[in-house]
Amino acid sequence: MGNFIRPLSDAVAYVASDDLWIESDATRQLLNTARLPGMTRVVGMPDLHPGRGYPVGAAFFSVNHFYPALVGNDIGCGMGLWQTSLQSRKVNLDKLEKRAQSYSDAAPPEWLEAALPPTLAAHPYAASLGSVGGGNHFAELQQVESVYDDEAVSALGINAKQLLLLAHSGSRGLGQQILRAHVERFSHSGLEEGSDAANDYLAQHNDALTFAVANRALIARRLLEHFREEGERLLDVNHNLVEPYVFNGQPGWLHRKGATPASCGPVVIPGSRGDYSYLVQPLNSGDALDSLAHGAGRKWMRTECKGRLSGKFSPAQLARTPLGSRVICRDRQLIYEEAPQAYKSIESVMECLTGAGLVKPLARLKPVLTLKTSGERSE
DNA sequence: ATGTCC
C-alpha cells in the first residue's frame, strides 16, 4: 500500500506507481505550492500534471488561510452522471453522430428562458448555462462495458443495457470573473479565515458551485431533449473548490484542484475520449485527503499537441477513436489538444488508485460519442 | 479554463 502513496517531504505525498507518467515539473509545482504559508498537507493524485503556477490533480490542506488563486478560475468544475433511456444495442453510431452534428453548445435564449427557474434566469451569467465550454470539458455518451459489482451498480440506479451520459463542465465565465476580481485586489496571497474578504470570496465561490451543478444539469437536459430521450441524474461532484476540512483533528481548508472527493459516494474517473472510464466506490482515504484523481491527466502540454499529431492524423481521423467512439468537435485546435495521445492511460491511473487502496472499481464504461461543440478557432 | 485580445 505505502508503495503507492509516496512521500516527497514531511507534508507532501503523491499517489503513483513505477508505470505512471509524472512530469518533474508537476512534482516541483506540488512542492512549491506546499510552501505557501499555512499549508500543512499536500497530496498529488495519479493524474497530476503541470498547471499555470499550481499543479492540477492534487489536494491542498491549509490552516488559518486559504488560497482562491489555487482553486483557479473554474470554480465548481466537476462531473455529473446521468442514466439515459438510450438502449445500447439499438444505437446506430452513424445516425447518433449525425444527430449530434446539429447540436450547438450555446443554449438558445428562448430555451433558457423557458427552462431556467427565476433565481437562475436573473443571474448575470445565465446565458452560459447549459453549455459545455472549451478546454477539457465534454459531454459523453458511454456504454457500460463491464460490471464488477452488480449490487452496487444497481443500487446507484444504473441500467447496464442503456447508455450513460457523463458531463464534465464548470461555472464557465462566472468562476473566471470571481478569480479575476480576487486577484486584482489580493494577487495570489491567501485570505485570512473569518475576514470580510474571505467571507465575501466564499459567498461568490459557493454561488459558482451552485451555478456549475445547475450548468451540468442543463447540459444533460438539453442533450437528452436533442436526442428525444429521458434521463435521470445518478451523481454529481465538484473537483475544483475550497471547503472546510479537518485533517488530523485540526480544522482548516481543503483546496481541490482537480481532486475528486472520496466522501460523496461512487464517482466516475474518466479516461481520455479514446479510453475507458471507471465507476468506482471510494474507500477510506484520510492519508490522501479524501481525494481521488479527476481523470487520466494530461501527458502532453496543450501547446505541443498539434505539432506532435498533425503530421500523423487529420482532424477527421481523430474524430474516431481506438475504442470505436466518435468525437464531435468544431474547434480544430481542440481536436489535437484533447486527443487520447495527449493523456495518460486510465489503466495506469487506476492501478495507482486501487494499489493505494483508495477505490474499488464498480464498472468500466466505454465511450460512444464525445461532444465538444465549441465554435471555430483559427490558430 | 474564459460572453477568450478586435
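Any value given below was found using the heavy atoms of this structure, including those in side chains, with hydrogens, waters and symmetry copies removed. Per chain, numbering begins at 1; letters A, B, ... match sequence-line order.
Across the protein-nucleic acid pair, A/D74 atom CG and B/dT4 atom P stand 16 Å apart, rounded to whole Å. When the C1' atom of B/dT4 is taken as reference, atom CG of A/D105 falls 15 Å away, rounded to whole Å. The distance between atom CZ of A/R172 and atom P of B/dT4, rounded to the nearest whole Å, is 11 Å. For A/I178 and B/dG3, the CD1 to P distance is 12 Å, given to the nearest whole Å. Here the P atom of nucleotide B/dT4 and the CG atom of A/N73 are 14 Å apart, to the nearest Å. Between A/Q177 atom CD and B/dT4 atom C1' there is a gap of 15 Å when expressed in whole angstrom units. Spacing between atom CG of A/L112 and atom P of B/dG3 amounts to 14 Å, rounded to whole angstrom units. Remark: C1' of B/dT2 and CD of A/Q333 are 16 Å apart, rounded to the nearest angstrom.
Under the 6.0 Å cut-off for aromatic ring centres, A/F66 and A/H205 do not qualify, their centroids lying 6.0 Å or more apart.
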Exercise for the section: Using the salt bridge (charged side-chain N to carboxylate O under 4.0 Å, His left out) rule, take A/E225 and A/R221 through it: C-alpha gap first, then chi angles, then the decisive distance, then the call. Expected result: CA-CA 6 Å; A/E225 282 181 15; A/R221 185 169 150 189; 3.4 Å; yes
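With sequence neighbours excluded, the residues forming a salt bridge (charged side-chain N to carboxylate O under 4.0 Å, His left out) with A/R308 are A/E304, listed by chain and number. Considering only residues two or more places apart in sequence or on other chains, A/E232 meets the salt bridge (charged side-chain N to carboxylate O under 4.0 Å, His left out) condition with none of them.
Look at A/R180 and you won't find any side-chain N or O under 4.0 angstrom from OP1 or OP2 of B/dT2.
Heavy atoms of A/G133 sit under 4.0 angstrom from primed sugar atoms or phosphate atoms, though from no base atom.
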